[in-house]
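What follows is a single structure, written as structure tokens, with notes after it.
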Amino acid sequence: MPPRRVVIPHSRPTVDEEDIGAVVAVLRSGHLAQGQAVAQFERDVAAYLGRRGGVATSSGTAALHLALLALGIGPGDEVVLPSYTCVALLHAVTYVGAAPVLAEVDPQAMTVCPDDVARRLTRRTRALIVPHMHGLAADLDPLLALGVPVVEDCAQAFGATYRGRPAGSFGVVAVCSFYATKVLTTGEGGMLVADDDRILARARDLRDYDGRDALCTRYNYKMTDFQAALGCSQLRRLPRFLARRRAIAATYSARLAHLPVGLPVVPQGRGHIFYRYVIRVEDSVRASRHLADRGVDAKPPVPRPLHHLTGQTGFPVTDAVARTALSLPIYPTLTDAEVEHVAAAVAEAVRVDRGVRWQRSLLVSSWR
Ligand SMILES: *Cc1c(COP(=O)(O)O)cnc(C)c1O
């Protein structure tokens with residue numbers, strides 16, 4: 001049995017001396033608020049994602065809010081989003097006074113289901129928020145074909161690809177989050193990227209209240225220069241971050257292949273960055289307790305789907321995914337020994353408790 005005292009956290013930021021040096025240089029420069037470093041970070045991220053421009057923000061939620069405002073969405077409009085995602089999306093929709101319309105996800109990929117979205121479109125639908133969950137791009141082609149403006153949410157998928165192109169280069173707008181434990185971090189932070197100059201200009205105008213002649217409701221959603229310096233430094237190391245995440249995922253997949261758990265499925269044509277390594281078990285809460293006993297912090301990646309928060313029912317696929325998905329620790333600073341410890345702990349959990357075991361038949365019966 002693996003030793004019980006080790007505690008392997010579910011997430012950890014990846015910050016090195018190079019990052020610290022970049023932040024300290026800005027702190028010493030005397031210019032702390034939004035300035036040259038923010039402008040540089042916007043250019044770097046937009047270039048990486050192949051977009052015309054970027055608007056850095058204080059958080060991913062703020063970027064989503066500005067994206068909806070820049071698209072002119074407001075009261076009387078409907079915005080479709082999956083129930084299986086981060087609650088920040090729901091907040092952004094309610095900030096602008098629009099009505100959230102929840103949709104189901106694909107049972108395996110756990111990204112929003114295009115067929116279900118199609119069924120939920122009405123004359124009032126003004127946008128579709130598409131989060132690329134766990135580091136895997138959603139199935140963008142059929143979503144884009146619906147003809148509704150797509151806001152891509154890359155908060156979990158910076159560096160992921162779809163048909164060889166970066167996730168975040170497809171929708172009319174895309175947003176990123178640079179929260180502490182995302183793939184890239186600025187502590188807190190976000191960015192909106194787009195190609196349309198009017199969208200970029202509108203988002204820039206609303207981000208900052210200072211120095212304008214005409215009054216409208218504006219926000220203070222700015223990022224600081226020292227955060228942006230951290231972001232630029234992190235972006236330079238992104239290829240190494242992604243390589244390490246993929247290497248850990250490959251080790252997990254090799255170690256867990258013979259166990260009665262479901263492994264991540266990567267559909268053809270998509271590049272997964274493994275922001276999360278999500279396995280499937282019969283009961284993720286029960287499995288997470290076994291892993292906690294063995295010093296591993298694993299958890300359901302979306303503990304409360306949005307329809308639970310809104311008091312809705314009728315999302316059987318989402319309920320099944322929420323019950324069976326379990327996120328194992330994965331981040332660049334996870335050591336090889338820690339990876340082996342996690343894999344051994346999963347093996348032991350399924351051995352000591354049959355109620356943790358996953359079978360394909362369980363998955364199928366739960367959404368047919
Ligand atoms: C983290 C996250 C957000 C919110 O980003 P913040 O920077 O925390 O506001 C939005 N969407 C998804 C999918 C996320 O994972």
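Just follow the structure's listing: the first ligand is 1, and inside any ligand the first atom is 1. Everything quoted here is computed from the prediction, not taken from an experiment.
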Indicate the ring-plane relationship of Tyr277 and Tyr252, choosing parallel, tilted or perpendicular according to the 30° and 60° boundaries.
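Correct class here is tilted.
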
Could you label the plane-to-plane angle of the His307 and Phe315 rings as parallel, tilted or perpendicular, counting under 30° as parallel and over 60° as perpendicular?
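Parallel: the ring planes of His307 and Phe315 meet at under 30°.
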
With a 4.0 Å cut-off, would you call Arg244 and Asp336 a salt bridge?
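Here Arg244 pairs with Asp336 in a salt bridge, since their nearest N and O are under 4.0 Å apart.
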
Atom indices of ligand 1 within 4.0 angstrom of [X] heavy atoms, with elements:
| X | value |
| --- | --- |
| Leu89 | 10 (C), 11 (N) |
| Ser177 | 5 (O), 6 (P), 7 (O) |
| Ser59 | 7 (O), 9 (O) |
| Gly189 | 7 (O) |
| Gln156 | 13 (C), 15 (O) |

Is the closest N or O pair between Tyr179 and ligand 1 shorter than 3.5 Å?
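Tyr179 vs ligand 1: no N/O contact under 3.5 Å.
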
Looking at Val350, is its backbone amide N or carbonyl O close enough to the side chain of Arg357 to form a donor-acceptor pair, meaning the two atoms are under 3.5 Å apart?
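Such a contact is found between Arg357 side chain and Val350 backbone.
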
Verdict with supporting geometry, Phe241 and Phe158, ring-ring contact (aromatic ring centres under 6.0 Å, His included)
CA-CA 11 Å; Phe241 290 174; Phe158 199 98; over 10 Å; no

Tell me the protein heavy atom at minimum distance from [atom], and give that distance in Å.
| atom | value |
| --- | --- |
| atom 1 (C) of ligand 1 | Lys182 NZ, 1.5 Å |
| atom 9 (O) of ligand 1 | Thr61 OG1, 2.5 Å |
| atom 10 (C) of ligand 1 | Asp153 OD2, 3.5 Å |

From atom 6 (P) of ligand 1, work out which of Ala88, Cys154, Gly60 has a heavy atom at the shortest distance.
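Heavy atom nearest to atom 6 (P) of ligand 1 belongs to Gly60.
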
Looking at ligand 1, does Ala63 have a heavy atom less than 4.0 Å from it?
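For ligand 1, residue contact (heavy atoms, under 4.0 Å) with Ala63 is absent.
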
Can you tell which part of Val175 has a heavy atom less than 4.0 Å from ligand 1: side chain, backbone, both or neither?
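Neither part.
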
After noting the C-alpha distance and the side-chain angles of Glu42 and Arg207, does the key distance pass the salt bridge (charged side-chain N to carboxylate O under 4.0 Å, His left out) rule?
CA-CA 14 Å; Glu42 290 174 341; Arg207 168 180 62 174; 2.8 Å; yes

side-chain contact (heavy atoms from CB on, under 4.5 Å) between Leu102 and Leu81, worked out:
CA-CA 5 Å; Leu102 302 180; Leu81 67 161; 3.9 Å; yes

Derivation and outcome, side-chain contact (heavy atoms from CB on, under 4.5 Å), residues Val285 and Arg289:
CA-CA 6 Å; Val285 171; Arg289 282 196 211 107; 3.4 Å; yes

